[in-house]
There are 2 protein chains.
Amino acid sequence: MRIKNYYKNLPHKTIERLSQYRRALFICLDNGKTHIFSHEIAQIQHITPVQVRRDLMLIEYSGTLRKGYNIQDLIDVISDIIDDKDGIKAAIIGMGNLGRAVLKYVRGKRNKLEIVAGFDSNPEKIGKTFEGIKCYSVEDLEDEIKKQNIKLGILSVPGDKAKDTTQHLVNAGIKGILNYSPKPVNVPDGVYLEEYDMITTLEKVAFYIKMNEEMEKEASKKDNPEKGKGR
Amino acid sequence: MRIKNYYKNLPHKTIERLSQYRRALFICLDNGKTHIFSHEIAQIQHITPVQVRRDLMLIEYSGTLRKGYNIQDLIDVISDIIDDKDGIKAAIIGMGNLGRAVLKYVRGKRNKLEIVAGFDSNPEKIGKTFEGIKCYSVEDLEDEIKKQNIKLGILSVPGDKAKDTTQHLVNAGIKGILNYSPKPVNVPDGVYLEEYDMITTLEKVAFYIKMNEEMEKEASKKDNPEKGKGR
DNA sequence: TTTTACCTGTTATTTTATTAACAAAAATTT
DNA sequence: AAATTTTTGTTAATAAAATAACAGGTAAAA
């Protein structure tokens, strides 16, 4: 029997992958597929089939031997776990390029996450509508968050505004913050925080490019005297 | 003695944190500080002081007892490891909101990563300049990448263009790709790929908000009969 | 009908990452 | 000058994540 709330012990990485699986599954569904093998999901996500099966084992979803997983069923099971059944309302704070990019990303995705408001300090943006979302003044931040029962704050303000804005969000009783700004912020216990910094990943890629090049250079140095038998 | 190329075995997570430390250190330096303790770095990054010290141990950097780490020195050591000394040239493919957001993020950061070109398919954008970076037609992608010796491609195109664009980047001999687009892409061996999907993190935050709420609800159910001795 | 190939589900093992524990050394206090 | 505090650097222990190994069952092929 499925233990009640078993999913509360799912590894963080599994949660992330479930979200990714679901998006891949939607695409497959749109392409007319009804079933999918673990190795197919794995290939899309650049992971191993075992990992896929292990994740699905953890959420106690079973496929059919030699037929794979029923895509629609699996989507439903994943959604049951990761979505709030009443939906979660989110706001974007900072309607610059980044904020608007996130808005476009999220719009039309088939999940229970609903962006209901944007905030900015720029008078030219206040009152305007982006992708169907109204942009309020940051001055109204606390009021609107409370009024509309917004639980998730997407922080896409410049670094120097991050700290203050976070404080306002916390004051308003926000439940989770996704910080896209370049500066880490602090939140009290009970507020879930995820820092999502674009520069780190960029510098990481640059590092591994550099490292690969250096390793190639060394390999060719070593190979040449021996007339390069390696590949 | 520092073993040559010791840093090639650094854990991936350490590489990520080094990038983060460095940015935090720049800010501290700007604020007039000269030294910093491990617990101070830790607090900024929401990690433990042990982890900071362990990372610095791995890069064989030593601080001064009871004085902490010399900020400028540490910045230099980290830079020595993660930066390519000749710099790495990067291009942004897709000059929509996301691409321009990344551009703004990176501009003026004191690292050896240089964004030298943008690409887009929209005729209105081609030939224009964003943040000082010229936007080329995607048709010229392969040529420009080769001509300018661009090694890092930042993919910020819509999902349906991701696959084709990646192929062009690979054809042009790109060394690393950071994929911000909502669809995973495939690259051959020798090309370093990092998928950096905004939705996953967003859904993760939503999940933990939901979970925290459910746990609170349960806790209050359990607490009430006993007149709530918990805090 | 038997054999083979294929694919799932699960446990065991290995690897990677984090945290704890503590020795040593310098500044500060008593 | 002895004791205490603070902070580093390192090793040891634990936890989390990924991978390997393999049992078992089903469809297809021989």
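Below, chains carry the letters A, B, ... as their sequence lines are ordered, and counting in each starts from 1.
- Counting any heavy atom pair closer than 4.0 Å across all strands shown, B/Ser62 reaches sugar-phosphate atoms only and no base atom.
- Side chains of B/Leu56 and B/Val77 form no contact here, defined as non-hydrogen atoms less than 4.5 Å apart.
- Listed by residue number, the members of residues 39-57 of chain B with any heavy atom below 4.0 angstrom from DNA chain C are B/Thr48, B/Val50, B/Gln51, B/Arg54.
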Just distance, no hydrogens or angles: give the donor-acceptor pairs under 3.5 Å from side chains in residues 64-74 of chain A, sequence neighbours left out.
| from | atom 1 | to | atom 2 | distance (Å) |
| --- | --- | --- | --- | --- |
| A/Asn70 | OD1 | A/Gln72 | N | 3.1 |
| A/Asn70 | OD1 | A/Asp73 | N | 2.9 |
| A/Gln72 | NE2 | A/Asp76 | OD1 | 3.1 |

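- Applying the side chain to side chain contact (heavy atoms under 4.5 Å, CB included) criterion to A/Ser79, with sequence neighbours excluded, gives A/Arg22, A/Ile75, A/Asp83.
- Between A/His12 atom NE2 and C/dT18 atom C1' there is a gap of 14 Å when expressed in whole angstrom units.
- Here the C1' atom of nucleotide D/dA27 and the NE2 atom of A/His35 are 14 Å apart, to the nearest Å.
- Rounded to whole angstrom, the span from the CG atom of A/Asn9 across to the P atom of D/dA16 amounts to 10 Å.
- Remark: A/Leu65, A/Arg66 in residues 64-71 of chain A come within less than 4.0 Å of DNA chain D through at least one heavy atom.
- With sequence neighbours left out, the side chain to side chain donor-acceptor pair (under 3.5 Å) criterion links B/Tyr192 to B/Glu194.
- Atom CD1 in A/Ile59 sits roughly 13 Å away from atom C1' in C/dG9 (whole-Å rounding).
- Side-chain contact, A/Gln167 with A/Asn171: a donor N or O sits under 3.5 Å from an acceptor N or O.
- B/Lys33 has its side chain within reach of B/Glu40: a pair of non-hydrogen atoms, C-beta onward, lies under 4.5 Å apart.
- A donor-acceptor pair is defined here as one N or O able to donate and one able to accept, closer than 3.5 Å; such a pair exists between the side chain of A/Lys112 and the backbone of A/Lys85.
- Going from atom CZ of A/Phe37 over to atom P of C/dA5 covers 17 Å, rounded to whole Å.
- Every residue meeting the side chain to side chain donor-acceptor pair (under 3.5 Å) condition with B/Lys151, not counting sequence neighbours, appears here in chain and number order: A/Glu213.
- B/Ser38 comes within 4.0 angstrom of the backbone, heavy atoms only, and of no base.
- Remark: the backbone N or O of B/Ala101 is not paired with any side-chain donor or acceptor of B/Asn97 at under 3.5 angstrom.
- Counting to the nearest Å, the C1' atom of D/dT8 and the CG atom of B/Leu58 are 15 Å from each other.
- Between the CD atom of B/Glu60 and the P atom of D/dT8 there is a distance of 18 Å, given to the nearest Å.
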